[in-house]
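Just below is one structure, and these are the notes that go with it.
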Protein chains: 2
Amino acid sequence: MSDNKTTLAIVDDHPIVQEGLQKLLVNAPDITIVGCFTTGTDFIRFLKEHAVDIVLLDISLPDVSGIDLCREIKKLWPDTSVLALSNHSERSMVLQMLQHGATGYLLKNISGEELIACINEALNGQVTFSKAVKEIMSRPSVNELKDVPRLTKREKEILQLIADGMTTTDIAGTLHLSPLTVETHRKSLLQKFEVKNVAAMMRAAIALKLI
Amino acid sequence: MSDNKTTLAIVDDHPIVQEGLQKLLVNAPDITIVGCFTTGTDFIRFLKEHAVDIVLLDISLPDVSGIDLCREIKKLWPDTSVLALSNHSERSMVLQMLQHGATGYLLKNISGEELIACINEALNGQVTFSKAVKEIMSRPSVNELKDVPRLTKREKEILQLIADGMTTTDIAGTLHLSPLTVETHRKSLLQKFEVKNVAAMMRAAIALKLI
DNA sequence: AAAAAAATACCTGGAAACAGGTAGAAATAA
DNA sequence: TTATTTCTACCTGTTTCCAGGTATTTTTTT
């Protein structure tokens, strides 16, 4: 690991990104890029024969999920550092990658110096984030902390129909219920989402992928 | 436009992508990259002084929306070809960009040869897509065909506040307007979205990424 | 300078939503 | 078999929304 040269592999299906990473890394003379891969299976085939120190891994590949691939890599070479590369910075995704063996999480808007710094941190065995990710991880956002309301079957059903633009009486009609019953369910929904009207509820429900 | 050299500008906040695009374009000797920009405002400032033939435009910039920026560009230089660059290939987004003056829509997994081919097509005045986008555009899906409402500034503002769960009077308070005015805007919103209540509007707005 | 679009504000009346309860039957879990 | 949860349904008000207008001022475009 602490040889004179660090070996690095790039796994990303975007030629633009591959080229860009290579260019950013020419300023790091002690890093050798030993391979560029566009699919997870290609890369794993290569990994079975060769070890690398660092993997820059796009987590949205066409063939396999970033999580699965990360686990595969660590199974083959536990000492390899995997730096996840992504466009999205959701806390949950970052945590998930770390949980499956990634050493760091970088957004693709990273700069050259930052990238090299992160690689060096990873070589020292540290967990590393790009700047934007650091911020997100440091302040757990309100919105992501509150737990997802557990809705009953009926409530989910009614939530869906509300999203379709139906009124209480419309819903009562299609579900063969009393409008008063539907109102009761609607009230529970508002309570569970901790909001005061359907507009806010819709946004919350969609954000939580309940619709 | 048909000089010996084609001028091209890159607008993308990802250094990796900027470098990658530059590298891919070294194989096209008749294209000169006249500028790389990381924000929309930077680019517009430049554009006010210089014309370019082609703009490679990332549609998810930190400061302004791709749609707005595209319109700005075409207003300044109607003959400039804007090629939208994106990671996502939703029909609605493609249509929206075309509607606002883009000449093409490219996914970031495009290859070097494909990119150069698309640029040449754009120079010939043709609408051009990268391979993956072509496929998606060839099979229209029912639900994505309805057009995106063009909202005014005020309307966008009010839409946002409605999504936050505010009532008409709340909104009037925060914007220092008469509740009656807010009601008028709210009515226009419902009309433009062709829905009967905010629940349906929220879903539509979120689906169209207007929130 | 004229025309079009956007932003402002008003009116009326009916429909729907929201807030605060209570309460019995049915299904599930402990 | 108790508990607990879910589903059902009702009641009383108040608030907000929605639909149908009209109309003036300001801004933007042509």
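Letters A, B, ... are given to chains in the order of the sequence lines, protein chains preceding strands, and every chain is numbered from 1. Only heavy atoms go into these numbers, but all of them, side chains included; no hydrogens, no water, no symmetry mates.
- Between B:Lys108 and B:Asp12 there is a salt bridge, since at least one side-chain N of the basic residue sits less than 4.0 Å from a carboxylate O of the acidic one.
- Taking side-chain N and O atoms only, A:Thr184 has no distance below 4.0 Å to OP1 or OP2 of D:dC10.
- B:Gln22 places a side-chain heavy atom less than 4.5 Å from the side chain of A:Lys23.
- In the model, A:Asp63 has a side-chain atom that pairs as donor or acceptor with a side-chain atom of A:Thr41 under 3.5 Å.
- Rounded to an integer number of Å, the gap from CZ of B:Arg154 to C1' of C:dA5 is 16 Å.
- Across the protein-nucleic acid pair, B:Met166 atom CE and D:dC17 atom P stand 12 Å apart, rounded to whole Å.
- Atom-to-atom, CZ of B:Arg71 to P of D:dT28 comes out at 14 Å; the value is rounded to the nearest Å.
- Here A:Ser188 lies out of heavy-atom contact (under 4.0 Å) with every strand.
- Rounded to a whole Å, the NZ atom of A:Lys153 is 12 Å from the C1' atom of D:dC7.
- Candidate nucleotides D:dT6, D:dA9, C:dC18 were compared by shortest atom distance to the side chain of A:Thr152, and D:dT6 ranks first.
- Summary of the strand contacts: B:Asn197 and B:Pro179 both lie near DNA chain C, and taking for each the nucleotide with the nearest heavy atom, the more 5' one is attributed to B:Pro179.
- Between D:dT15 and B:Thr167, no contact under 4.0 Å exists linking OP1 or OP2 to a side-chain N or O.
- Across all strands shown, A:Lys187 has heavy atoms under 4.0 Å from base atoms, whether or not it also approaches the sugar-phosphate.
- Here C:dA9 presents its C1' atom at 17 Å from NE2 of B:His176, a figure rounded to the nearest Å.
- Using a 4.0 Å heavy-atom cutoff across all strands shown, A:Thr181 reaches at least one base atom of the nucleic acid.
- Atom CG in B:Leu190 sits about 13 Å away from atom P in C:dA17, given to the nearest Å.
- Side-chain nitrogen and oxygen atoms of B:His185 include none within less than 4.0 Å of the OP1 or OP2 phosphate oxygen of C:dA7.
- Ionic pairing of A:Glu183 and A:Arg186 is not present here: no N-O contact between side-chain nitrogen and carboxylate oxygen is shorter than 4.0 angstrom.
- Contact between the side-chain N/O atoms of B:Ser178 and the OP1/OP2 oxygens of C:dT8 is not found at any separation under 4.0 Å.
- Rounding to whole angstrom units, CD of residue A:Glu155 and C1' of D:dT5 are separated by 11 Å.
- Counting only heavy atoms from C-beta outward, the side chains of B:Glu155 and B:Lys192 approach each other to under 4.5 Å.
- Using a 4.0 Å heavy-atom distance criterion, B:Lys196 is classed as a sugar-phosphate-only contact.
- Note: CZ (B:Arg186) to C1' (C:dA16) measures 12 Å, nearest angstrom.
- A:Glu183 comes within contact range of at least one nucleobase, with a heavy-atom separation under 4.0 Å.
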